[in-house]
Asker: 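The structure under discussion is supplied below as structure tokens; questions concerning it will follow.
The sequence lines fix the lettering, A, B, ..., with proteins before strands; numbering per chain opens at 1.
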Amino acid sequence: MPKWAMVIDLDKCTGCGACSVACKMENNIPIVDPEEARNGRAMVWMDMMTTVEGDYPNTHVKRVPKPCFHCDDPPCTLVCPVGATYRNPEGLVAQIYHRCIGCRYCMAACPFTAKSFNWYDPKWIEGASDVGNPDVSRRMVGVVEKCSFCSHRLQKVKENADIEDRQIRDGEYVPACLESCPADAIVFGDIENRDSDVSRLSRSYRVYRYGEDLGVKPKVYYLARRTGS
Amino acid sequence: MKTKPTAAQDRDEALFRPIYETGTGFYVAFGILGIIFLWALYMYVTQVWFGLGLTGMNQPVTWGFYIVNFVFFIGISHAGTLISAILRLSKAEWRRPITRMAEVITAIVLAIGGLHPILDLGRPDRMLNLFTAGRLQSPLLWDVTSITAYFTASTVYLYLPMIPDIARIRDRGGKLTWLYSIMAWGWTGTEHQQRVLNRAINILMIMVIPIAISVHTVISYIFSMTLQPGWHSTIFGPYFVVGAIFSGIAALMIVMIAFRRAYHLEEYLKEIHFRYLSTLLLIMSIIWFYFTFSEYLTGVFGAEPHEMHIIMYKFTGPFAFYFWGMVLCNFVLPLIILSFRRLRTIKGMFIASVAVVIGMWLERLIIVVPSLANPRLDLPAGIYVPTILEWALFAGGISAFVMGFMLFSKFFPLISIWEIEEGRTHGLREVEERIHSYLPGRGATSS
């Protein structure tokens, strides 16, 4: 059974945010009014964590793309009262939107603030509401959603591999954020396969993970910047 | 225990009076509370219609007033059943006029508090998923289980000691005789019936204590089972239970003082009862402080960065006002008022009780919001400002409680009449015998 993981090379990442936008379009993520977004209702699955380091004028802006980490021991699935969020055998932490009762316990339990909630009836860009991605189900008001590692793409890849009676090739199943990255900073694949790019990079000396000390085993690896600061 | 009116029963006429006589003050108060309640209902309908966006909750502060009030109301509900059970169990004779009110508080507040998580749901229409797809591994399911158990046990525990009183009202005739005769279950006060009733009460009172403790422990588990700094603490179970009993006693004293005044029950609820209760309140205040001190001292001493960040957020950050307000309300004020005999008047005790209820509400706020507002990763801190909707539902919850209590007082006596009578006829003799058995010499062998 493969185990899907992601590596984000912060040395290559320019912080452009294309991954965030591509994710938004790929997954039919609702558009939130700017005013609501300022009140903390912005909906992004691929967040850009932005921090400013140092004092003016010697400042340095750090941008870190942050999807759901798809922990191997996810704290969010443990607390869900109805099993609307669960970890599947391939290591993807999935959401069942039609079962979610909207208690937001998973959001409170997630150490990485990876989940979004539909505070209102979702809205899409004018005219785009009927041309969204048909592979991704639309969410409704009052449920929790989050990055799925574009698992709908995995379905297609699996079907193709089944028809051709072969294993899934490395780099065949990739999420939308990876495709849109102009710097090739994101690598995605099966971490159980020792020959995959992801597995190789995850053994790099530059690798670190957020929340490693919590024992939740996140499956998003970061490669630290080579330059100082 | 005769069923037809006796001299003793006439002695307790004051306790029956609220059932048969209703003043204009009652209607005015009830009307105002009813309007507040309807307003809250209307606001809730808008929330269901438009979504939880109408509240002040956001990412990362995903829980707000509803969860705060849930913990707060369930805490208040520990007033009753637990205190009444402990007092009954310890054969405290002064419990007699107090137990009924305490039990009523539990039943009503528990119903209100137990509904709060539903207010908080994004999809209340899917609530039944808890039964079809419920995961017993989730602390929320533990909550559903223990609150239902507590509600069942405490309503039965409220109802059973009411049976002899209901029979009395039935025998007096007048309004709703059919209802009272159904509820009295054919009570005639025979010796057999009394024995069975006492046995049932004894079993229930022992059963209800662990259930009550489990309820608030499990509520604390909602928080402490997560990895969030400020929540992930082993002390939370007992800490919540202590806080619950603490706020419960305070709420009980407020209700007792208010209804003693409204229904002129000074003959029954004497100053001595309040003084005993205030001693309990003082002890709980000190225990509460001990727990709070331990909780924060371990955090500060360990100084784990995330933990420390949240603690400083409470000590000196945006929540400093609420934190120190809580310490003032829960510890400083009650300690000063209740330690000095001169300040320990009914008015003083009332102020102390109100302070404690406010302080305990602040404590729930301080537990829920800061841990959520400060994400572990480098994300901006969240701000939580409750909207008018959340305030409306808070006011609606409180008015529902007062209305429930007022309604109860119009159908059933607020003070257990037969227990008062039992105190007169049996209690005096029993206590004398008991004291004799404590002393050396005659009858010392029986324990």
Asker: Which atoms of B/Leu372 come close to chain A, meaning under 4.5 Å heavy atom to heavy atom: side chain ones, backbone ones, both, or neither?
Answerer: side chain
Asker: Answer yes or no: is there a side-chain heavy-atom contact under 4.5 Å between B/Leu121 and A/Arg104?
Answerer: no
Asker: Compare all side-chain heavy atoms of B/Asn58 with those of A/Asn39 and state whether any distance is below 4.5 angstrom.
Answerer: no
Asker: Could you check whether any side-chain N or O of A/Arg41 sits under 3.5 Å from a backbone N or O of B/Met57, counting only pairs where one atom can act as donor and the other as acceptor?
Answerer: yes
Asker: Taking B/Arg135 for the side chain and A/Cys80 for the main chain, is one N or O donor matched with an acceptor at less than 3.5 Å?
Answerer: yes
Asker: What part of B/Thr55 gets closer than 4.5 Å to chain A, counting heavy atoms only: side chain, backbone, both or neither?
Answerer: both
Asker: Highest number of heavy-atom pairs under 4.5 Å with chain A: which of B/Val385, B/Thr62, B/Thr226?
Answerer: B/Thr62
Asker: With a 4.5 angstrom heavy-atom cut-off, could you sort out which part of B/Trp142 is near chain A: side chain, backbone, both or neither?
Answerer: neither
Asker: Which answer fits B/Leu136, side chain, backbone, both or neither, if we ask what part of it has an atom under 4.5 Å from a heavy atom of chain A?
Answerer: neither
Asker: If you count heavy-atom pairs under 4.5 Å between each of A/Asp121, A/Val144, A/Thr51 and chain B, which one has the most?
Answerer: A/Thr51
Asker: Is any side-chain heavy atom of B/Gln137 closer than 4.5 Å to one of A/Leu78?
Answerer: no
Asker: What do you reckon, is CD1 of B/Ile383 surrounded by more than 12 foreign heavy atoms closer than 6.0 Å?
Answerer: no
Asker: Got a sec, which pairs hit side-chain hydrogen bond (donor to acceptor under 3.5 Å, both in side chains) with one end in residues 106-119 of chain A, sequence neighbours left out?
Answerer: A/Thr85-A/Lys115, A/Gln95-A/Lys115, A/Asn118-A/Glu145, A/Trp119-B/Gln59
Asker: Of the backbone (N, CA, C, O) and the side chain (C-beta and beyond), which part of A/Pro81 lies under 4.5 Å from a heavy atom of chain B, both, or neither?
Answerer: both
Asker: How about A/Tyr120 and B/Leu54: do any of their side-chain heavy atoms sit closer than 4.5 Å?
Answerer: yes
Asker: Taking side chain as everything from C-beta outward and backbone as N, CA, C, O, which of these in B/Tyr384 sits under 4.5 Å from a heavy atom of chain A? Side chain, backbone, both or neither.
Answerer: neither
Asker: About how many Å separate CD1 of A/Ile101 and CZ of B/Arg123, when rounded to the nearest 0.5 Å?
Answerer: 11.5 Å
Asker: Among A/Thr77, A/Asp47, A/Thr50, which residue has the highest count of heavy-atom pairs closer than 4.5 Å to chain B?
Answerer: A/Thr77
Asker: Heavy-atom count around B/Tyr42 OH within 6.0 Å, excluding the residue itself: above 12?
Answerer: no
Asker: At a heavy-atom separation under 4.5 Å, does B/Ile222 approach chain A through its side chain, its backbone, both, or neither?
Answerer: both
Asker: Within a 6.0 Å radius of atom OH on B/Tyr221, are there more than 12 heavy atoms belonging to other residues, nucleotides or ligands?
Answerer: no
Asker: If the contact rule is any heavy atom under 4.5 Å from chain B, which residues of residues 61-73 of chain A qualify, in numerical order?
Answerer: A/Lys66, A/Phe69
Asker: With chain B as the partner chain, list the residues of residues 105-112 of chain A whose heavy atoms fall under 4.5 Å from it, by residue number, and write 'none' if nothing qualifies.
Answerer: A/Tyr105, A/Met107, A/Ala108, A/Ala109, A/Cys110, A/Pro111, A/Phe112
Asker: For chain B, which residues of residues 208-218 of chain A have at least one non-hydrogen atom nearer than 4.5 Å to it?
Answerer: A/Tyr210, A/Leu214, A/Val216
Asker: Between A/Ala42 and chain B, which part of the residue has a heavy atom less than 4.5 Å away: side chain, backbone, both or neither?
Answerer: backbone
Asker: If you measure from OH on B/Tyr66 to SG on A/Cys103, what distance do you get to the nearest 0.5 Å?
Answerer: 15.0 Å
Asker: Taking C-beta and beyond as the side chain, do A/Met49 and B/Leu379 meet within less than 4.5 Å on heavy atoms?
Answerer: yes
Asker: Quick check for you: among B/Ile118, B/Leu141, B/Asp378, B/Ile67, which has the greatest number of heavy-atom pairs under 4.5 Å with chain A?
Answerer: B/Asp378
